Novice: 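Handing you a structure now.
What you see is a predicted model; the values in this text were computed from it and never measured. Letters A, B, ... are given to chains in the order of the sequence lines, protein chains preceding strands, and every chain is numbered from 1.
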2 protein chains.
Amino acid sequence: MIRVMIADDHQLFAEGLRDALDSQPDLRVVGVAADGSEMLTVLAAQPADVVLVDLEMPGMDGIETLRALPRGLPALVVSMHVNEDTRTAARAAGAAGVFSKSASLHRLAAAIRALAAGRVLIDLGDDELETVLVEYEQPQLDPGAASLTEREIEILSLLAQGVSSTEELAERLYISQKTVKNHLASIFQKLSVSDRTQAAVEAIRLGLARRR
Amino acid sequence: MIRVMIADDHQLFAEGLRDALDSQPDLRVVGVAADGSEMLTVLAAQPADVVLVDLEMPGMDGIETLRALPRGLPALVVSMHVNEDTRTAARAAGAAGVFSKSASLHRLAAAIRALAAGRVLIDLGDDELETVLVEYEQPQLDPGAASLTEREIEILSLLAQGVSSTEELAERLYISQKTVKNHLASIFQKLSVSDRTQAAVEAIRLGLARRR
DNA sequence: GGGGAAATAGGTCATGCGGCCCATAGGGGA
DNA sequence: TCCCCTATGGGCCGCATGACCTATTTCCCC
């Protein structure tokens, strides 16, 4: 689980980003601050693995904040307007990457995973950056969840939508109730859970409720 | 369920807001567009009850978009910089409300509920606006969910965290297994579900997984 | 061609679960 | 005062659920 902290004075953006990143199964937003000094305070009580910093903030702005961050804590600058100047300033202040607010959530999540793995993105060319982001595109799931088969994911998806009875699951998938129970048993093992309620909760956490 | 559509060219903001609003049990983001004309296209295929429009957008900007929206569809302007000029322009173009991106998610959600209920916020003074927002602060739950007792919510919260067996629920709450089953039976009735898996799914949808 | 994984399906069995009764104590509103 | 709601607890019963084991077919990879 990668712990993320956000510093941004636009509360709607920060709270939206928090919920969006939290919906990634391998990311967890552990704190949201409105400026740099607030983030430093929160960081003291609540460690994080990666921090996101807005450049334009009242009080302690992004550049100052970057300089004040503990060494070894990767920081990703997320700014409204990104150009060569901001990029250079961010690099000089120790940022590990720079993203525009026009970037997609998908790419931001990939960048956070890359930073948590120790990669530095800010010196990369466009092509290299692309390669790295693709590499970290997928949520880093637990070994169990990663080995789920297509059919098992399909069943989990239905479970996460409230299709709980063996009978209805079998009807929805055009297979026998016996096969459904076999798949469920396999799912329970892979997810280390003991019944379909826990499996449903885990499926929702893994983001499987939004498919088909 | 209030259907919301978002038009904003800053993808991170739009996607973050989408997930954040979706996490409100009574709101559902049915579309996200990068500018006004794209939103009109999506709207044609997917009706919405309230739209959120950014003022600063490339292509068809916020003011043009407001003018082009169907009559009767309440629009909330969500802009980076809000001042008297933007407020006047938005009102003239038919916006039902104006919010800064520095507003909180909580207030935005309340405003969306107010608009869906037919209220117009843009002509209100600060005090009046405050009164209305407080009125629409709480998610509008189904009659069933609204009548849940404290104890039932406690059990649902545990269920939503994967505490599924009668035995463990009883241990966590220091009550007998029999009482747990009685509470569960009452929960099933109120939520119109038939087993604890469906109850857990519904509990997560209602946002009960985040408590205690 | 052979081995392994996945999807399909069956059997058995103990037990957990949900439905439907009832009872008691406490608190709050009519 | 009396009644209703909530929280607590019990009994009973039928069936669904989960654990364990076997088997067949298909498909892909070595």
Side-chain angles (χ1 to χ4, degrees), chain A residues 138 141-206 208 211-212, chain B residues 138 141-206 208 211-212:
Chain A
Q138 293 301 321
L141 302 174
D142 324 88
S147 68
L148 290 168
T149 69
E150 277 305 309
R151 203 53 156 167
E152 286 162 359
I153 288 174
E154 206 167 356
I155 290 186
L156 275 173
S157 164
L158 287 172
L159 259 190
Q161 290 165 44
V163 181
S164 57
S165 73
T166 306
E167 185 182 0
E168 199 178 348
L169 285 168
E171 282 171 4
R172 294 283 198 104
L173 298 173
Y174 307 107
I175 57 180
S176 83
Q177 298 194 13
K178 194 56 213 143
T179 304
V180 169
K181 300 181 86 173
N182 286 338
H183 285 309
L184 282 171
S186 167
I187 288 170
F188 295 165
Q189 254 200 332
K190 289 182 181 177
L191 297 185
S192 307
V193 299
S194 52
D195 57 47
R196 53 190 81 191
T197 299
Q198 291 177 359
V201 171
E202 186 65 10
I204 293 173
R205 195 184 73 78
L206 292 173
L208 300 180
R211 320 210 170 169
R212 76 184 52 237
Chain B
Q138 294 300 322
L141 301 174
D142 324 271
S147 69
L148 289 167
T149 69
E150 278 304 308
R151 203 53 158 168
E152 287 162 358
I153 289 175
E154 207 166 357
I155 290 184
L156 275 173
S157 164
L158 288 172
L159 259 191
Q161 292 166 41
V163 181
S164 56
S165 72
T166 306
E167 184 183 0
E168 197 178 348
L169 285 169
E171 282 171 3
R172 293 283 200 103
L173 298 173
Y174 307 106
I175 56 180
S176 82
Q177 297 194 15
K178 193 58 211 136
T179 303
V180 170
K181 299 182 85 172
N182 284 339
H183 285 309
L184 282 171
S186 167
I187 288 169
F188 295 164
Q189 257 201 329
K190 290 183 180 176
L191 296 186
S192 307
V193 299
S194 52
D195 57 45
R196 55 189 80 189
T197 299
Q198 291 177 359
V201 171
E202 186 65 10
I204 292 173
R205 195 184 73 77
L206 292 172
L208 299 179
R211 322 211 168 169
R212 77 182 52 236

Novice: Please identify which of these residues, Leu206(B), Leu158(B), Ile187(B), Leu148(B), meets the side chain to side chain contact (heavy atoms under 4.5 Å, CB included) condition with Ile153(B).
Specialist: Leu148(B)
Novice: With a 4.0 Å cut-off on heavy atoms, is Ser194(A) in touch with a base, just the backbone sugar-phosphate, or nothing at all?
Specialist: sugar-phosphate
Novice: Testing the 3.5 Å rule here: is there a donor-acceptor pair between the side chains of Thr166(B) and Gln177(B)?
Specialist: no
Novice: What heavy-atom pair brings Leu169(A) and Val163(A) nearest, and what distance separates the two atoms?
Specialist: CD2-O, 3.5 Å
Novice: Atom CG of Leu184(A) and atom P of dG16(C): how far apart are they, to the nearest Å?
Specialist: 19 Å
Novice: Between atom CG in Leu169(B) and atom P in dG16(C), what is the gap in whole Å?
Specialist: 14 Å
Novice: Once rounded to the nearest 0.5 Å, what's the spacing between atom CZ of Arg172(B) and atom OG of Ser157(B)?
Specialist: 9.5 Å
Novice: Between the protein and nucleotides 4-11 of chain C, list every N/O to N/O distance that falls short of 3.5 Å.
Specialist:
residue : atom : partner   : partner atom : Å
dA7(C)  : OP1  : Thr149(A) : OG1          : 3.3
dA7(C)  : OP1  : Arg151(A) : N            : 3.2
dA7(C)  : OP2  : Thr149(A) : OG1          : 2.7
dT8(C)  : OP1  : Arg151(A) : NE           : 3.3
dT8(C)  : OP1  : Arg151(A) : NH2          : 2.9
dT8(C)  : OP2  : Arg151(A) : NE           : 3.1
dT8(C)  : OP2  : His183(A) : NE2          : 2.8
dA9(C)  : OP2  : Ser176(A) : N            : 2.6
dA9(C)  : OP2  : Thr179(A) : OG1          : 3.1
dA9(C)  : N7   : Asn182(A) : ND2          : 2.7
dA9(C)  : N6   : Asn182(A) : ND2          : 2.9
dG10(C) : O6   : Asn182(A) : OD1          : 3.4
dG11(C) : O6   : Lys178(A) : NZ           : 3.0

Novice: Within this structure, what is the NZ-to-C1' distance between Lys181(B) and dT6(D), rounded to whole angstrom?
Specialist: 20 Å
Novice: Has Thr166(B) got a side-chain N or O lying under 4.0 Å from the OP1 or OP2 atom of dC17(C)?
Specialist: yes
Novice: Treating Glu152(A) as the side-chain partner and Thr149(A) as the backbone partner, does any N or O pair qualify as donor plus acceptor under 3.5 Å?
Specialist: yes
Novice: Quick check: closest heavy atoms across Ala160(A) and Ala203(A), and the distance to 0.1 Å?
Specialist: CB-CB, 4.0 Å
Novice: Without decimals, in angstroms, what is the distance between Ile155(B) CD1 and dT6(D) C1'?
Specialist: 12 Å
Novice: Looking at every non-hydrogen atom in both residues, tell me the closest pair between Glu202(B) and Leu191(B) and how far apart they are.
Specialist: CG-CD1, 3.9 Å
Novice: For the pair made of CD in Gln189(A) and P in dT17(D), what is the distance, rounded to whole Å?
Specialist: 20 Å
Novice: Just how far, in rounded Å, is C1' of dT17(D) from CG of Asp195(B)?
Specialist: 11 Å
Novice: Enumerate the protein-to-nucleotides 25-30 of chain C contacts in which both atoms are nitrogen or oxygen and the separation is below 3.5 Å.
Specialist:
none

Novice: Under 4.0 angstrom, heavy atoms only, what part of the nucleic acid is Ser165(B) near: base, sugar-phosphate, or nothing?
Specialist: sugar-phosphate
Novice: Minimum heavy-atom separation for Phe188(A) to Ala199(A), with atom names?
Specialist: CE2-CB, 4.0 Å
Novice: Tell me the closest heavy-atom pair linking Leu159(A) and Ser164(A), and the distance in Å.
Specialist: CD2-CA, 4.0 Å
